[in-house]
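Heads up, the thing below is written out as structure tokens.
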Amino acid sequence: MFAQFVFALRDAGVPASVTEYLTLLGAMRAGVADYSVEDFYYLSRSALVKDERHLDRFDRVFGQVFRGLEAPAEGEDGGTAPRALPEEWLRRMAEKHLTPEERAQVEALGGFDTLMETLRQRLAEQQGRHQGGSKWIGTAGTSPFGAYGYNPEGVRIGQDTSRHRRAAKVWDKREFRDLDDGVELGTRNIKLALRRLRRFAREGAATELDMPGTIRATAQNAGSLDLKMVPERHNAVKVLLFLDVGGSMDDHVRASEELFSAARSEFKHLAFYYFHNCPYERVWQHNARRRDATIPTEQVIRTYGPDYRAIFVGDATMSPYEIASPGGSVEHWNDEPGAAWMARLLGHWRRSAWLNPVPRAEWGFTQSVGMVRHLMEDRMYPLTPGGLDEMTRELSR
Amino acid sequence: MSGFKSTERYIASRDLEVAVNAAVALQRPLLVKGEPGTGKTVLAHEVAAALGHPLVEWHVKSTTKAQQGLYEYDAVSRLRDSQLGDPKVADIANYIVRGKLWDAFEADRPQVVLIDEIDKADIEFPNDLLLELDRMQFFVYETRQTIAAKHRPVVIITSNNEKELPDAFLRRCFFHYIRFPDRPTMERIVEAHYPGLQRDLAREALTVFFQVRDVPGLRKKPATSELLDWLKLLMIEDLPAEALRSQDAKLVIPPLHGALLKNEQDVHLFERLAFLNRRGG
């Protein structure tokens with residue numbers, strides 16, 4: 001009955017399955033939704049969507065399937081490009097959204113039918129999207145046709161929510177837009193992604209009964225009971241964070257902070273050091289005391305064994321000389337190029353990755369990003385939930 | 001159909017009512033997510049009260065195993081008893097300790113089962129309960145008996161979203177995301193909890209509360225439960241509504257802020273904002 005709807009959901013990336021479809025039909029038969037469209041919306045949402053990140057997509061698909069609206073276009077005010085205009089729908093929309101006075105004004109333009117006729121003509125004349133202006137159909141103009149406009153006799157086309165009053169339909173409100181994928185990187189998302197890095201090992205206080213050990217000990221004890229305990233398994237992964245601070249990283253402080261606080265609560269063994277643009281012979285732990293309290297990078301290498309996983313966080317945006325040549329650092333004279341130090345670090349910590357807060361699409365614009373990526377043997381990931389996922393998968397190999 | 005509705009003490013939105021009733025009608029588990037402090041756990045209590053069923057609560061911790069909800073075999077006591085020559089050692093059933101789900105399955109009347117904070121447990125926890133929640137039965141290996149639910153319980157599962165739940169598990173559940181209530185709903189909630197509250201105090205408090213939530217960069221936004229705690233404090237301290245009025249949350253830290261702001265970074269943020277605003281204004 002609603003198979004079309006389920007297919008549309010799957011096309012939009014909501015992972016609804018046959019089981020969930022059957023559940024929905026079962027609930028319909030049980031009379032949960034009771035002929036109310038709104039209840040049906042709530043019911044289908046509860047049955048078909050299992051993750052709040054998909055709620056917004058669901059709302060859009062629902063609006064589209066059950067209204068015959070055009071497919072939502074890309075971007076913020078999705079769905080402003082009109083394709084086919086069912087007259088029935090236009091008429092209903094117009095009737096719903098016009099007050100009696102406004103309808104009188106429509107009459108002044110020659111009545112509703114004339115308005116529709118003009119609209120159809122203009123639609124035929126017009127090719128492509130249009131915004132502003134006073135004649136063509138588009139957004140934010142004063143022409144009678146289009147969305148987000150101010151002409152009282154305007155016909156709203158593909159505008160998701162009314163700007164001036166409560167929206168007529170719940171799903172048009174799209175209240176879950178904030179929860180869609182990759183909009184914001186909260187610490188919770190990061191924690192979730194980092195948690196994949198977990199490695200379980202038995203360490204610490206013995207709290208679990210060790211069956212084989214107990215049997216062995218009891219047998220050796222000539223049958224009198226000798227209980228043996230083992231420590232419980234818990235996360236024993238060790239992580240070393242290198243964070244780029246200052247300069248171009250100022251724009252990304254927030255994302256790095258979130259990553260840092262998430263990492264701190266996820267890993268028992270976590271150490272962190274700061275560097276600027278590219279790691280050289282010294283790093284530091286307190287940014288305020290970076291002038292007097294630096295630590296030789298050699299010492300860090302000696303302190304943390306190769307079982308640590310090294311994660312570099314930085315935008316890798318700098319002058320190529322800072323990586324490639326001695327004396328290239330912007331802050332001090334470095335005897336060896338950054339590349340040499342990177343090679344040393346990566347040689348010690350084989351399992352390492354670089355997280356870049358700059359979106360992946362923009363990496364190509366900066367030469368130094370490519371250079372660092374080359375040094376990292378391509379293990380550079382964007383600082384988004386998706387990128388963290390990729391990174392943890394790579395690091396837990 | 002009848003079923004779960006908003007009560008005097010618990011204000012449920014229409015979508016939540018539909019989700020609960022669907023889960024009850026189809027006897028599927030209902031998974032509830034939402035910001036901490038929006039009444040996920042309380043929901044189970046209210047559903048139990050509305051349906052008139054007893055509530056079985058199973059609070060999940062990081063060390064909880066799925067098996068513990070079904071039963072545990074106490075091998076250590078049995079070993080000890082065998083050393084002491086206790087006659088009850090011959091029957092293994094004496095050493096089977098029942099779990100919460102077993103209790104709920106064996107009960108003579110339908111029960112509401114709350115599995116609280118399922119995301120706290122190990123990643124395998126939901127997977128280990130798939131069959132049990134689907135068929136509402138399980139098998140006890142030690143005694144070779146199958147425990148099947150006499151009445152399928154209403155299962156409500158809450159999650160704070162700290163872990164992704166496996167798809168196979170999600171497919172068997174109804175899902176509801178409790179959104180943070182808007183202002184009119186919040187007023188109803190406050191009214192439901194503190195019926196005698198002075199109207200102007202409630203209004204001012206809500207204004208301050210929503211302003212606090214709007215401050216960008218807060219690490220933990222205060223939620224419904226924090227608001228209710230804070231109101232209680234305001235009532236105990238007998239603060240007049242004027243104490244809150246004209247206090248733009250951006251200018252001053254609200255009185256008794258300890259109930260609203262839960263970590264020192266947030267308090268610092270407020271102090272900084274207040275300082276900047278006073279200097280600027």
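In this text, all values refer to a predicted model and were calculated from it rather than measured experimentally. Per chain, numbering begins at 1; letters A, B, ... match sequence-line order.
Across B:Q83, B:R80, B:E17, the residue that shares the most heavy-atom pairs under 4.5 angstrom with chain A is B:Q83. Counting heavy-atom pairs under 4.5 Å between each of B:V24, B:L170, B:L16, B:L30 and chain A puts B:L170 at the top.
One finds the CG atom of A:D226 at 11.5 Å from the CG atom of B:L79 (value rounded to the nearest 0.5 Å). In this structure, NE2 in A:H54 is found 13.5 Å from OH in B:Y177, a value given to the nearest 0.5 Å.
Taking 4.5 Å as the limit, some side-chain heavy atom of B:R28 sits within range of a side-chain heavy atom of A:T23. Between B:R172 and A:T19, every side-chain heavy-atom pair lies at or beyond the 4.5 Å cut-off. Counting only heavy atoms from C-beta outward, the side chains of B:V76 and A:L227 approach each other to under 4.5 Å.
The backbone N or O of B:F175 sits less than 3.5 Å from a side-chain atom of A:S46, completing a donor-acceptor pair.
Between B:K33 and A:E52, at least one side-chain nitrogen of the basic residue sits less than 4.0 Å from a carboxylate oxygen of the acidic one, meeting the salt-bridge criterion.
Counting all heavy atoms, side chain and backbone alike, A:R45 lies closest to B:D15 at NH2-OD2, 2.7 Å. In this structure, B:R171 and A:S17 approach most closely via the heavy-atom pair CD-OG, 2.9 Å. Pairing each heavy atom of A:L43 with each of B:A22, the nearest pair is CD1-CB, 3.3 Å.
Within 6.0 Å of atom CZ in A:F7, 12 or fewer heavy atoms from other residues, nucleotides or ligands are found, so the atom counts as exposed in its surroundings. More than 12 heavy atoms of other shown residues, nucleotides or ligands fall within 6.0 angstrom of atom CZ in B:R183.
Listed by chain and number, the residues in a side chain to side chain donor-acceptor pair (under 3.5 Å) with B:H59 are B:E57, B:D116 (sequence neighbours excluded).
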